[in-house]
Amino acid sequence: MIKLNKGPEPAILALRKIAWTNKLMKLVNAGKEVPKSVINKYNHREIKKALKEECKNKCMYCESKVEHVADLNIEHIKPKAKDKFPELTFDYSNLGLACTQCNRSKGDHFDEKLSFINPYIDDPLCSFHFIGALIWAKSKDNRAKATELQLELNRLELIEVRYERMKQIRSLIDEYVREVNPTLKDLIKKQILIEIDIDKIFSHCTRTMTKIMIDEIQS
C-alpha cells in the first residue's frame with residue numbers, strides 16, 4: 001500500500017454526478033430496486049482511466065497490478081450499499097481502484113470508529129511495517145490491524161508473488177555488489193531504482209528490502 005493523491009474529478013462526473021445521484025437516491029428513498037444501468041454509471045471509461053492513473057495501475061490496497069490479478073474494480077471507500085452510503089456512489093473522493101480479491105474481502109464492511117486505512121488520506125508508512133513479503137499493522141494501530149485482517153493483506157497468494165518480486169530485486173542488488181566496472185555498476189543501480197519505483201508492484205516491500213540490503217553493504 002502506498003500514499004495516493006486524488007486527481008481532478010473527471011469531466012463526466014462533474015457534468016452528470018448530480019443527475020445520476022438524484023436518480024439513484026429517488027429509487028433508494030422509495031424502497032425500490034435500483035437497476036444496474038442506474039447504479040453502475042461510475043464504471044464509465046473516463047472514470048476508470050483517471051483512477052488507473054492515480055493508483056499507478058495497481059490495487060490501492062495490496063499493490064497488485066490490477067489486470068494481472070483480476071478484472072478492474074472501482075472501489076467505493078465508503079460502501080455504496082443502500083443501507084450505507086448510496087449518496088456517495090458517484091462522489092469522486094469516495095472512489096479508488098482495487099483488485100477483485102481486496103474488493104470482495106472489504107465488501108460492505110465499514111465502521112466509522114474503526115475505518116480502514118485510506119491511502120488517499122492516510123500514509124501507509126505510518127500504519128504498517130513492511131517486513132519481507134509481509135505487511136503488518138503497527139502496534140496499537142487498530143485501524144491498520146482491521147485493514148490487514150479484513151482485506152487479507154497477507155493472504156498466501158500475495159505473499160508468494162511478493163516473495164518472487166523481492167527475489168528479482170535481490171538478484172539485481174547482488175549483481176550490483178559483484179560488478180566492478182563503474183559504468184555498468186551505475187546502470188544496474190539505475191535499473192534497481194526503476195524496479196522499486198512507486199509505479200511498480202509491491203513497491204513498499206521492495207523499497208524496504210532494498211534499503212536494508214544497501215545499508216548492510218555500506219556499513
Side-chain angles (χ1 to χ4, degrees), residues 1-124 127 142-153 155 158 199:
M1 192 181 295
I2 60 171
K3 184 73 177 71
L4 300 174
N5 297 307
K6 180 59 70 174
E9 182 181 54
I12 188 69
L13 275 179
L15 181 66
R16 298 183 180 176
K17 69 176 180 181
I18 294 177
W20 289 350
T21 302
N22 288 342
K23 187 173 184 178
L24 170 64
M25 294 309 297
K26 184 177 180 179
L27 292 169
V28 170
N29 292 332
K32 296 182 178 179
E33 188 68 28
V34 180
K36 288 185 177 181
S37 59
V38 173
I39 200 168
N40 285 348
K41 297 290 188 182
Y42 60 82
N43 276 316
H44 192 280
R45 62 182 181 276
E46 186 179 327
I47 301 171
K48 287 183 178 180
K49 181 176 183 292
L51 290 171
K52 287 178 69 175
E53 290 174 358
E54 287 179 2
C55 295
K56 314 297 181 185
N57 290 303
K58 297 188 291 185
C59 173
M60 64 185 285
Y61 298 119
C62 75
E63 276 198 273
S64 295
K65 280 287 185 184
V66 175
E67 283 94 344
H68 289 180
V69 293
D71 294 332
L72 187 71
N73 283 269
I74 290 182
E75 155 71 0
H76 287 80
I77 298 165
K78 289 187 175 182
K80 67 182 185 302
K82 289 190 290 186
D83 61 339
K84 300 290 185 179
F85 303 94
E87 70 278 9
L88 299 180
T89 299
F90 309 112
D91 186 330
Y92 193 57
S93 66
N94 193 47
L95 303 182
L97 198 66
C99 68
T100 296
Q101 186 57 52
C102 284
N103 186 268
R104 183 184 298 119
S105 295
K106 180 172 171 287
D108 292 336
H109 295 281
F110 186 80
D111 183 341
E112 196 73 60
K113 295 180 180 179
L114 194 69
S115 59
F116 299 126
I117 298 298
N118 178 355
Y120 282 107
I121 297 174
D122 307 302
D123 185 350
S127 297
N142 291 335
R143 292 179 59 223
K145 190 66 175 178
T147 305
E148 174 196 332
L149 295 177
Q150 185 65 52
L151 274 63
E152 300 179 280
L153 293 180
R155 54 190 183 267
L158 268 181
D199 67 330

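Rounded to the nearest 0.5 Å, atoms CG (Asp122) and CD1 (Ile117) are 4.5 Å apart. A distance of 11.0 Å separates CD1 in Ile12 from CZ in Phe90, rounded to the nearest 0.5 Å. Atoms CD1 and CD, from Ile47 and Glu9 in turn, are 8.5 Å apart once rounded to the nearest 0.5 Å. Rounding to the nearest 0.5 Å places OG1 of Thr89 at 11.5 Å from CD1 of Ile74. Here Asn5 contributes atom CG and Ile121 contributes atom CD1; the two are 12.0 Å apart, rounded to the nearest 0.5 Å. Summarising the geometry, atom OG belonging to Ser115 is positioned 7.0 Å from atom CD belonging to Glu112; distances are rounded to the nearest 0.5 Å.
A 6.0 Å sphere centred on NZ of Lys84 holds more than 12 heavy atoms belonging to other residues, nucleotides or ligands. Other residues, nucleotides and ligands contribute only 12 or fewer heavy atoms inside 6.0 Å of the NZ atom of Lys56. Counted within 6.0 Å of CG on Leu149, heavy atoms from surrounding residues, nucleotides or ligands total more than 12; the atom is thus considered enclosed.
Contact between Tyr120 and Cys55 at its shortest, heavy atoms only, is OH-SG, 3.4 Å. The two residues Ser127 and Ala144 make their nearest non-hydrogen contact at O-CB, 3.3 Å. Minimum interatomic distance between Leu24 and Val38 (heavy atoms only, all atoms of both residues): CA-CG1, 4.1 Å. When all heavy atoms of Leu153 and Met1 are compared, the pair lying nearest together is CD1-CE, 4.3 Å. His109 approaches Ser105 most closely through the heavy-atom pair CD2-O, 3.8 Å. Between Asp123 and Lys3, the shortest heavy-atom distance links the atoms CA-CD, 3.8 Å.
A perpendicular orientation is assigned to the rings of Tyr42 and His76, their planes being inclined by more than 60° (bins at 30° and 60°).
A search for ring pair (Phe, Tyr, Trp, His ring centres under 6.0 Å) contacts involving Phe110 returns Phe85, not counting sequence neighbours. In this structure, the salt bridge (charged side-chain N to carboxylate O under 4.0 Å, His left out) partners of Arg155, at least two apart in sequence or on a different chain, are Glu157. Take Lys32 and apply the side chain to side chain contact (heavy atoms under 4.5 Å, CB included) test, not counting sequence neighbours, and it matches Leu27, Ala30.
At distances below 3.5 Å, at least one donor-acceptor pair connects side-chain atoms of Asn94 with backbone N or O atoms of Lys78. Under a 3.5 Å cut-off, the side chain of Lys6 and the backbone N or O of Leu95 do form a donor-acceptor pair. With Asn73 contributing its side chain and Glu75 its backbone, the two residues share no donor-acceptor pair below 3.5 Å. The main-chain N or O of Leu4 is never found under 3.5 Å from a side-chain atom of Glu54 such that the two would form a donor-acceptor pair. Panel note: side chain Arg143, backbone Leu114; no donor-acceptor pair is recorded below 3.5 Å.
In this structure, Phe116 and Ile77 have side chains that are not in contact, with every pair of non-hydrogen atoms separated by 4.5 Å or more. Leu88 has its side chain out of reach of Lys80: every pair of non-hydrogen atoms, C-beta onward, lies at least 4.5 Å apart. Counting only heavy atoms from C-beta outward, the side chains of Lys58 and Ile2 approach each other to under 4.5 Å. Contact of the Lys23 side chain with the Lys26 side chain is not registered, since no non-hydrogen atoms from C-beta on lie closer than 4.5 Å. In this structure, the side chains of Cys62 and Leu151 stay at 4.5 Å or more apart for every pair of heavy atoms.
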Item to complete: Give the intermediate values and the outcome of side chain to side chain contact (heavy atoms under 4.5 Å, CB included) for residues Asn57 and Lys65.
Response: CA-CA 6 Å; Asn57 290 303; Lys65 280 287 185 184; 3.7 Å; yes
Item to complete: Determine, step by step, whether Met60 and Asn118 satisfy the side chain to side chain contact (heavy atoms under 4.5 Å, CB included) criterion, reporting the C-alpha distance in whole Å, the side-chain angles of both residues, the deciding distance to 0.1 Å, and the verdict.
Response: CA-CA 9 Å; Met60 64 185 285; Asn118 178 355; 4.2 Å; yes
